[in-house]
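Input: a single structure, listed below in structure tokens.
In what follows, chains are A, B, ... by sequence order, proteins preceding strands, each numbered from 1.
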Number of protein chains: 2
Amino acid sequence: MAETARHPAHRYGNRPTMKDVAARAGVGLKTVSRVVNGEAGVTPDTERRVQEAIEALGFRRNDSARVLRKGRTASIGLVLEDLADPFYGPLSRAVEEVARAHGALLINGSSAEDPDREQELALALCARRVDGLIVIPAGTDHRYLEPEIRAGIATVFVDRPAGRIDADVVLSDSFGGARAGVAHLIAHGHRRIGFIGDQPRIHTAVERLRGYRAAMEDAGLPVDDGWVSLGSTDPARVREATAAMLAGPEPVTAIFAGNNRVTVTVVRELAPRERPVALVGFDDIELADLLGITVIAQDAAALGRTAAERLFRRLNGSDDAPARIELKTVLIPRGSGEIPPSS
Amino acid sequence: MAETARHPAHRYGNRPTMKDVAARAGVGLKTVSRVVNGEAGVTPDTERRVQEAIEALGFRRNDSARVLRKGRTASIGLVLEDLADPFYGPLSRAVEEVARAHGALLINGSSAEDPDREQELALALCARRVDGLIVIPAGTDHRYLEPEIRAGIATVFVDRPAGRIDADVVLSDSFGGARAGVAHLIAHGHRRIGFIGDQPRIHTAVERLRGYRAAMEDAGLPVDDGWVSLGSTDPARVREATAAMLAGPEPVTAIFAGNNRVTVTVVRELAPRERPVALVGFDDIELADLLGITVIAQDAAALGRTAAERLFRRLNGSDDAPARIELKTVLIPRGSGEIPPSS
DNA sequence: CCGCTCGGTGACAACGTTGTCCAGGGCCTA
DNA sequence: TAGGCCCTGGACAACGTTGTCACCGAGCGG
């Protein structure tokens with residue numbers, strides 16, 4: 001039979017609205033709104049009737065409509081690289097906790113280290129009108145965010161600085177950490193030290209390499225081209241790089257691994273070898289204590305927390321100039337970094 | 001200078017709207033909508049003018065309004081325990097990928113294993129009108145979701161079944177996995193085997209204990225009360241439980257650890273001990289290969305993927321009866337589970 | 001040459017909520 | 001008892017978008 005409704009059924013599966021609740025409770029629409037929002041000016045008796053109607057109908061306020069009216073979503077967005085990476089999980093969780101403390105919900109998405117996907121995600125979050133945005137950049141040009149920032153979406157970058165725009169950024173001292181780690185190896189007698197890092201497009205990779213070079217230069221040591229390898233963290237690539245450095249007449253006696261993904265693969269590659277090779281890795285790893293892996297630890301949770309706090313400070317009206325906040329790293333000696341050179 | 005605006009400025013930081021774009025392009029509102037949504041029926045010339053206006057103003061469609069009108073948010077929610085846990089990170093990521101393939105955004109939140117927080121989160125997501133919900137239950141009573149499900153929010157549970165409502169659930173074969181793991185220890189000669197698991201409120205903990213008991217019974221072995229410990233995965237608690245089982249005249253010679261958190265702590269506790277103790281852990285762990293930890297591996301990503309696929313099948317209209325999907329586990333021998341009893 | 005179709009376009013209502021304003025009734029005071 | 005005030009409750013518009021429908025002019029067949 002003819003469906004005569006002028007507008008097709010696009011109501012949320014026939015969810016009750018405040019209007020329905022009002023009708024059932026025999027009160028006005030606005031009174032329901034008042035009860036739902038805990039506003040003053042409602043008789044206890046009226047309130048009870050409304051509550052009962054809400055209960056009976058299973059009413060739940062539609063936040064989309066609320067957002068549309070109020071202009072604030074009480075949610076923030078986080079664009080990161082990969083939620084499955086043990087470095088980003090804790091970071092995200094820390095952001096979530098801060099958001100929760102401010103009554104906001106966190107929406108996060110993985111860019112998979114793809115600049116286009118980063119942009120797509122960030123803009124999708126802006127379209128949802130998140131109040132603020134935290135971004136771990138995959139790309140190097142963030143001018144696409146300018147209209148959003150101008151429109152009032154607070155934005156903070158973490159782990160890596162923004163490209164071509166001026167914005168808050170919270171990062172670890174990659175340069176200093178790497179420099180200290182490599183200096184540690186040098187202090188234990190190494191002269192030929194390899195560096196395996198992430199893609200040169202990534203800021204932290206470049207900074208850590210810079211730290212490596214600085215430490216070598218500090219000690220007056222030369223750096224052979226064959227000792228340095230930047231590229232993807234794909235295990236095959238890293239294994240190959242490791243093997244290459246350890247081959248030939250003058251192999252490296254120690255390796256500095258540029259991040260947690262690299263460290264894991266290098267450890268696996270070194271394990272079966274006879275000749276011991278010293279190793280210091282950037283990023284701490286679970287169970288590294290038992291495996292005796294010396295690392296430069298950065299605090300992922302602190303990064304997230306700091307960035308989120310800065311974001312909410314902005315959301316609460318602060319308009320300081322964009323700042324660069326750098327967190328210290330810690331060298332944790334556990335054995336692998338204290339192996340003397342063997343050759 | 002009385003601010004005479006009747007309605008205060010609650011527009012999103014003065015973001016341009018379709019109306020603004022229309023005015024600038026000299027066209028009607030609906031035409032802008034058509035261009036933005038790529039609908040047919042717009043002259044190339046008109047489209048160009050609109051695109052230019054969009055560009056110039058930095059317009060971005062307001063998804064809240066869109067959602068309000070369309071009734072679909074193209075987003076799904078995921079309530080999990082803790083994003084920082086290496087088990088849930090990959091699970092969440094897998095869900096995200098499936099969502100992305102369906103053009104949906106994923107919003108996830110951590111319940112911190114607190115039933116109240118689980119409910120608060122799930123309902124908050126429903127208030128945002130996510131199209132579907134995936135829940136890793138912390139609580140044991142999910143009747144609070146009934147109105148939501150009735151209202152059309154597709155819901156799938158993962159890792160643990162729903163409490164007191166009938167709904168889809170995707171889980172690993174905890175019972176079978178634990179049984180196989182304990183049988184493996186028995187096959188290597190162990191007779192006194194300890195079990196350390198998560199809180200008895202948690203379904204997987206109970207199932208794995210059941211598997212442990214079944215394996216012991218299969219072999220006709222008694223189970224001493226002192227060999228079984230269920231409780232939080234807090235390291236101190238687990239260390240204590242481990243120490244207790246290893247003390248006394250008849251200590252256990254092997255331990256079955258109920259999940260990844262427990263395994264990590266037990267490994268740390270066993271490492272410094274002289275007398276070797278066999279160990280099999282539920283859940284695989286990064287670097288467990290190097291440490292030679294035998295595990296019952298479950299595929300977190302597959303859990304998430306399967307649940308998400310089921311969810312989207314429902315969103316696309318499937319109305320099969322709620323099903324229980326169980327994924328197999330795999331025993332990966334790496335050494336720690338093959339240590340013979342020492343006594 | 002008229003009427004009809006058809007493609008492009010815009011006016012308008014509606015989605016569900018909240019802010020503003022007004023009405024009515026009860027109560028207190030003069 | 002009249003006047004005024006406060007307190008509760010409701011009518012209405014607006015948030016920014018999309019679906020529906022109507023309009024207009026061009027092209028075409030009769």
Under the salt bridge (Lys or Arg N to Asp or Glu O under 4.0 Å) criterion, do Glu148(A) and Arg60(B) qualify, and how do the steps go?
-> CA-CA 9 Å; Glu148(A) 313 301 326; Arg60(B) 197 92 54 200; 2.4 Å; yes
Any chance you could lay out the salt bridge (Lys or Arg N to Asp or Glu O under 4.0 Å) test for Arg129(B) and Asp63(A), step after step, and finish with the verdict?
-> CA-CA 7 Å; Arg129(B) 297 295 187 268; Asp63(A) 269 359; over 6 Å; no
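Protein atom CG of Asn62(B) is 18 Å distant from nucleotide atom P of dC15(C), rounded to whole Å. Regarding Lys70(A), its NZ atom lies at a distance of 11 Å from the P atom of dT20(C), rounded to whole Å. Per the geometry, CZ belonging to Arg60(A) stands 12 Å off P belonging to dT17(C), to the nearest Å. Summarising the geometry, the separation between CG on Leu29(B) and P on dA14(C) is reported as 16 Å, rounded to the nearest angstrom. If you take CZ of Arg129(B) and P of dG16(C), they are 9 Å apart, rounded to a whole angstrom. Atom CZ of Arg72(A) and atom C1' of dT18(C) are 16 Å apart (whole Å). We find that CZ of Arg66(A) is positioned 9 Å from C1' of dT18(C), with the value rounded to whole Å. In this structure, Asp20(B) places its CG atom 8 Å from P of dG16(D), rounding to the nearest Å.
Of the listed nucleotides (dT17(D), dT17(C), dT9(C)), dT17(C) has the atom at the smallest distance from the side chain of Met18(A). Between dT17(C), dG19(D), dT17(D), one nucleotide has an atom nearer to the side chain of Glu39(B) than all others, and that is dG19(D). The side chain of Lys30(B) has dT20(D) as its nearest neighbour among dT20(D), dC15(D), dG8(C). For Ala65(A), counting side-chain heavy atoms from C-beta on, the closest listed nucleotide (dG10(C), dG16(D), dT17(C)) is dT17(C). For Asn37(A), taking side-chain heavy atoms from C-beta onward, the closest of the listed nucleotides dA13(C), dT18(C), dT8(D) is dT18(C).
Taking only distance into account, the side chain of Arg34(B) meets the base of dG10(C) through a donor-acceptor pair shorter than 3.5 Å.
Not one side-chain nitrogen or oxygen of Lys19(B) sits closer than 4.0 Å to the OP1 or OP2 atom of dT17(D). Side-chain N/O atoms of Ser64(B) include none lying less than 4.0 angstrom from OP1 or OP2 on dT17(D). Within the structure, every side-chain polar atom (N or O) of Arg69(B) is placed at least 4.0 Å from both OP1 and OP2 of dG16(C). Dashed line: the shortest gap from a side-chain N or O of Thr43(B) to OP1 or OP2 of dG8(C) is not under 4.0 Å.
Counting non-hydrogen atoms under 4.0 angstrom, Val36(A) reaches nothing in the nucleic acid. Within 4.0 Å (heavy atoms only), Ser33(A) reaches at least one base atom of the nucleic acid.
Using a 3.5 Å distance cut-off with no hydrogens or angles, the side chains of Glu118(A) and His142(A) do pair a donor with an acceptor. For Asp320(B) and Ser318(B), the side-chain atoms include at least one donor-acceptor pair closer than 3.5 Å.
Electrostatic pairing of Arg117(B) and Glu97(A) counts as a salt bridge here, judged by a charged N lying under 4.0 Å from a carboxylate O.
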